[in-house]
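All remarks here apply to the structure that follows.
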Amino acid sequence: MEYAHLGRSGLSVSRLVLGTMNFGTETSEADSHAIMNRAHEHGINFIDTANVYGTRPGEVATEQIIGRWFASGGGRREKTVLATKVYIPTGGWPNEGFLSALNIRRACDASLKHLQTDHIDLYQMHHVDRNTPWEEIWEAFSVLRQQGKVLYFGSSNFAGWHIAQAQEAARSRHFLGLVSEQSMYSLMTRWIELEVLPAARHYGLGVIPWGPLHGGVLGGVLRKQKEGSASRGSTGRSVGVLAQHRETIEAYEKLCADIGEDPAHVGLAWLLAQDGVTGPIIGPRTVEQLDGSLRALTIRLDDSVLAKLDELFPPPGPNGAKPAPEAYAW
């Protein structure tokens, strides 16, 4: 396993992040525990969840699944860098969502109880709260840190100027501020290269891409269709994406075949090669999917392959303009 510091912090995390969104929904609790056990066997120490995963009727709350895994002992909690999130409402009553000081306190305590731990390593804002001042947010977060309940703070789905706002507000309080930003990022969705990625690099945030295979579209979906095997990329919202970009996906899968690599592994390897990326989130539904994803760590894409990928999936900005992040600058 490869490790990197999370942004400018001294925290060492694996370059593949185990995402748990499927735990309790697509994956049973027993299989979820098996996946986390195997992740530790591979050296993956970074586990990401959220206080709203698995909370719809008929599902099992993901945080509770992880908590029961921690409670089974074996040093599981001590070996894990644990990340969860706050913002999305967990109920219909006022102050059961967003980033008020009241909800931050209540949500943190609830997550600690569900996760059966005394602290959260990385507490992430699931979204920016445009109605709560940064002074209130950072004061609430500083209390959590003083209490030993949270060690580091991160953001998710922020714009570049949100990162700047957050960091300048933290700086005025002589507070460490954010150490990471979790953003949608893949070959299919490169818009964060315009401002989010440069802002993260400037302020020393590690970037944690979610949706690295764009809902399975970059996971060899066309090949799997020909083979008659099930593929997430051929269902749900991905159907429209595939229909719109079929020729590009065909060319992408051919390129991957030409270099002898699985499209899913190439998509992850490309992200690992991007400056500022700490590690993409993988969301395996089975142990076998987890095992396969480790191939991405050993792939080194040469300049010619990277250039071909840029041709297939151009960086954001007008044609003929400078590449991101200077795409619209003089």
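Along the sequence shown, residues carry numbers from 1.
Checked against ring-ring contact (aromatic ring centres under 6.0 Å, His included), Phe158 has the following partners two or more places apart in sequence or in another chain: His162. Contacts of His114 classified as side chain to side chain donor-acceptor pair (under 3.5 Å), with partners at least two apart in sequence or in another chain: Glu63. Under the ring-ring contact (aromatic ring centres under 6.0 Å, His included) criterion, Tyr53 pairs with no residue, sequence neighbours left out. Under the rule for a side chain to side chain donor-acceptor pair (under 3.5 Å), Ser293 has no partner lying at least two apart in sequence or in another chain. For the side chain to side chain donor-acceptor pair (under 3.5 Å) test, no residue two or more places apart in sequence or in another chain qualifies with Thr278. Residues satisfying the ring-ring contact (aromatic ring centres under 6.0 Å, His included) test with His40, not counting sequence neighbours, are Trp69. Taking Glu41 as the reference, Arg38 meet the side chain to side chain donor-acceptor pair (under 3.5 Å) condition, with sequence neighbours excluded. For Arg295, the side-chain contact (heavy atoms from CB on, under 4.5 Å) partners two or more places apart in sequence, or in a different chain, are Glu261, His265, Thr298, Ile299.
The stretch residues 86-96 participates, sequence neighbours left out, in no side chain to side chain donor-acceptor pair (under 3.5 Å) pair at all. Listed by first and then second residue, the salt bridge (Lys or Arg N to Asp or Glu O under 4.0 Å) pairs involving residues 138-151 are Asp109-Lys149 (not counting sequence neighbours). Sorted by first and then second residue, the salt bridge (Lys or Arg N to Asp or Glu O under 4.0 Å) pairs with a member in residues 71-86 read Asp48-Lys85, Arg77-Asp121; sequence neighbours excluded.
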Pairs under 3.5 angstrom only: tabulate donor-acceptor contacts from the side chains of residues 245-252 to other protein residues two or more places apart or in another chain.
residue, atom, partner, partner atom, Å
Tyr252, OH, Pro263, O, 2.7
Tyr252, OH, Gly267, N, 3.1

